[in-house]
Amino acid sequence: MIVQRVVLNSRPGKNGNPVAENFRMEEVYLPDNINEGQVQVRTLYLSVDPYMRCRMNEDTGTDYITPWQLSQVVDGGGIGIIEESKHTNLTKGDFVTSFYWPWQTKVILDGNSLEKVDPQLVDGHLSYFLGAIGMPGLTSLIGIQEKGHITAGSNKTMVVSGAAGACGSVAGQMNENSHIILCGQISQYNKDVPYPPPLSPAIEAIQKERNITRERFLVLNYKDKFEPGILQLSQWFKEGKLKIKETVINGLENMGAAFQSMMTGGYIDYPPSTTSYGKSIVFPRGI
């Protein structure tokens, strides 16, 4: 079987801006048979996310994500449906997701690398599992729960310094005894600087003077909280407390353009008063 896939065509450089031409679509042969423990899946939705910019470099600068390789298939968050299975816990028709889903129309995967998803949790909107009811939503929820020190009735103010994206940075207001949580900083991803970026001497002085703490947060360190987090986010969505908007782009051939758009703020606009997640999703049409 011949399928389509997206590979990394070139690197933008540590201080360069990614463009659609950094990606290339090509055709590849997919074996007709699968082995024990494997499944063949059809891709339904693929996600483009800011952290992927680091994977375009030869060195990601971290030990928990690996760089994409030139002329090799790109991967990231994805949702698909199983068309054939030789895995004991997965059957044809199951909807599954992975954080390392190849940008490919159909693919053979190890069944152990996949998680089942229940369409009823999102009223059939499967793409939400890549956004507000997925990793970005979990990052916001668990980040606040574990690092925010926010409790009901505590009379504290929470400032989200970058709330336009799928996740948003969670930051403490710069008052006395504040606490700043660092989680993602898309404005710095096209620059060759360490993460977190160093503070200027003036800001460091304010930080010390006002007893402001600064701490990193990585959601992958809290995998034991993913399942209850998904259920909580789903409940809020069904109750209308969590409103979700996303940008859906049709066609695997548009992955590069979708990535470039995401990195330059091209996703959907929504009123500041709306509690929403901005998210770019690609639907590989015609498969």
Side-chain angles (χ1 to χ4, degrees), residues 39 41-52 75-83 85 89-103 105-107 109 111 113-145 160 163-168 184 219-220 222-252 254-255 258 262 267-271 273-285 287:
V39 295
V41 294
R42 175 166 55 90
T43 303
L44 297 178
Y45 296 99
L46 297 168
S47 174
V48 290
D49 298 277
Y51 82 90
M52 294 176 171
D75 65 339
I79 297 277
I81 185 171
I82 294 179
E83 295 189 327
S85 175
N89 297 326
L90 299 171
T91 60
K92 182 178 179 180
D94 283 346
F95 295 101
V96 290
T97 186
S98 171
F99 194 55
Y100 302 100
W101 195 288
W103 290 7
T105 51
K106 293 188 180 184
V107 64
L109 298 171
S113 69
L114 302 172
E115 295 286 340
K116 284 186 186 180
V117 293
D118 182 0
Q120 294 185 359
L121 291 178
V122 290
D123 290 344
H125 299 283
L126 289 169
S127 59
Y128 289 0
F129 285 120
L130 298 178
I133 318 293
M135 191 66 71
L138 287 171
T139 301
S140 297
L141 175 65
I142 299 173
I144 293 172
Q145 291 176 334
V160 181
C167 185
V219 70
L220 296 178
Y222 297 87
K223 292 182 179 179
D224 61 315
K225 301 184 182 297
F226 283 11
E227 185 174 350
I230 291 293
L231 293 176
Q232 178 65 82
L233 292 165
S234 170
Q235 179 181 339
W236 285 338
F237 163 65
K238 287 178 174 290
E239 293 174 351
K241 296 178 180 178
L242 178 63
K243 304 186 190 310
I244 304 172
K245 291 189 177 183
E246 59 185 9
T247 299
V248 179
I249 300 173
N250 291 326
L252 190 69
N254 292 315
M255 288 299 296
M262 177 271 301
Y267 41 76
I268 194 168
D269 292 326
Y270 49 86
S273 60
T274 305
T275 305
S276 305
Y277 286 80
K279 183 67 182 175
S280 296
I281 304 290
V282 174
F283 170 68
R285 62 189 172 194
I287 58 174

Chemist: Please report the interatomic distance CD1(Ile249) to CG(Asn254), rounded to the nearest 0.5 Å.
Modeler: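 Going from CD1 on Ile249 over to CG on Asn254, the span is 6.5 Å.
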Chemist: Let me confirm one number: the CG-CZ distance from Leu44 to Phe129, rounded to the nearest 0.5 Å.
Modeler: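 Going from CG on Leu44 over to CZ on Phe129, the span is 12.5 Å.
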Chemist: Output all residues satisfying side-chain hydrogen bond (donor to acceptor under 3.5 Å, both in side chains) with Thr91, sequence neighbours left out; order by chain, then residue number.
Modeler: Asp94
Chemist: Under the 3.5 angstrom rule, does the side chain of Thr97 hit a backbone N or O of Gly78 as a donor-acceptor pair?
Modeler: yes
Chemist: Using a 4.5 Å cut-off on heavy atoms from C-beta on, say whether the side chain of Ile230 contacts that of Val117.
Modeler: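 Answer no - side chains too far apart.
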Chemist: Quick one: does Pro102's side chain get under 4.5 Å of Leu109's, heavy atoms only?
Modeler: yes
Chemist: Would you say Ser127 and Ile79 make side-chain contact, with heavy atoms under 4.5 Å?
Modeler: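 No - every pair of side-chain heavy atoms lies 4.5 Å or more apart.
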Chemist: Mind listing the closest non-hydrogen atom pair of Leu242 and Ala132 along with its distance?
Modeler: CD2-CB, 4.2 Å
Chemist: Could I get the full list of ring pair (Phe, Tyr, Trp, His ring centres under 6.0 Å) partners for Tyr128, not counting sequence neighbours?
Modeler: His125, Phe237
Chemist: In chain order, what residues pass the salt bridge (Lys or Arg N to Asp or Glu O under 4.0 Å) check against Lys238, with sequence neighbours excluded?
Modeler: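 Expected list: Asp123.
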Chemist: With sequence neighbours excluded, what pairs up with Tyr100 under the ring pair (Phe, Tyr, Trp, His ring centres under 6.0 Å) test?
Modeler: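 Checked Tyr100 against ring pair (Phe, Tyr, Trp, His ring centres under 6.0 Å); zero matches.
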Chemist: Could you work out, with side chain to side chain contact (heavy atoms under 4.5 Å, CB included) as the rule, every residue matching Glu227, not counting sequence neighbours?
Modeler: none
Chemist: The criterion is side-chain hydrogen bond (donor to acceptor under 3.5 Å, both in side chains); which residues satisfy it with Trp103, sequence neighbours excluded?
Modeler: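 Once residues adjacent in sequence are excluded, Trp103 has no partner under the side-chain hydrogen bond (donor to acceptor under 3.5 Å, both in side chains) criterion.
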Chemist: Centres of the Tyr51 and Phe99 rings: under 6.0 Å?
Modeler: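 Judged by ring-centre distance (under 6.0 Å), Tyr51 and Phe99 do meet the cut-off.
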Chemist: Of the options Ile244, Leu138, Leu126, which is the one that meets Ile133 in a side-chain contact (heavy atoms from CB on, under 4.5 Å)?
Modeler: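 Exactly one candidate clears the test, Ile244.
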Chemist: State, to 0.1 Å, how close Pro136 and Gly131 come at their nearest heavy-atom pair, and which atoms those are.
Modeler: CD-O, 3.3 Å
Chemist: Kindly say whether Val219 contributes a backbone atom to a donor-acceptor pair with the side chain of Thr139 at under 3.5 angstrom?
Modeler: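 Answer holds: no.
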Chemist: For Pro228, which residues count as a side chain to side chain contact (heavy atoms under 4.5 Å, CB included) partner, sequence neighbours excluded?
Modeler: none
Chemist: Which heavy-atom pair separates Val48 from Met255 by the least distance, and what is that distance?
Modeler: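 Minimum heavy-atom separation between Val48 and Met255: CG1-CE, 3.9 Å.
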Chemist: Please collect all salt bridge (charged side-chain N to carboxylate O under 4.0 Å, His left out) contacts where either partner lies in residues 135-145, sequence neighbours excluded, each pair once.
Modeler: none
Chemist: Holding to side-chain hydrogen bond (donor to acceptor under 3.5 Å, both in side chains), I want the full list of residues that pass it with Lys116, two or more places apart in sequence or in another chain.
Modeler: none
Chemist: Any chance CD of Glu115 has more than 12 other-residue heavy atoms, nucleotides or ligands included, within less than 6.0 Å?
Modeler: no
Chemist: Holding to side chain to side chain contact (heavy atoms under 4.5 Å, CB included), I want the full list of residues that pass it with Leu231, two or more places apart in sequence or in another chain.
Modeler: Leu121
Chemist: In chain order, what residues pass the side chain to side chain contact (heavy atoms under 4.5 Å, CB included) check against Lys225, with sequence neighbours excluded?
Modeler: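 Lys225: side chain to side chain contact (heavy atoms under 4.5 Å, CB included) contacts with Ile142, Glu146, Tyr222.
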Chemist: How long is the span from the CD1 atom in Ile81 to the NZ atom in Lys106, to the nearest 0.5 Å?
Modeler: 11.0 Å
Chemist: Does Trp101 form a side chain to side chain contact (heavy atoms under 4.5 Å, CB included) with Leu130? I'd like the steps, not just the answer.
Modeler: CA-CA 11 Å; Trp101 195 288; Leu130 298 178; over 6 Å; no
Chemist: Drop me the distance from Glu246's CD to Ser47's OG, to the nearest 0.5 angstrom.
Modeler: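 Those atoms lie 9.5 Å apart.
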Chemist: Among residues at least two apart in sequence or on other chains, which ones pass side-chain hydrogen bond (donor to acceptor under 3.5 Å, both in side chains) with Gln235?
Modeler: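 Once residues adjacent in sequence are excluded, the partners of Gln235 under the side-chain hydrogen bond (donor to acceptor under 3.5 Å, both in side chains) criterion are Glu239.
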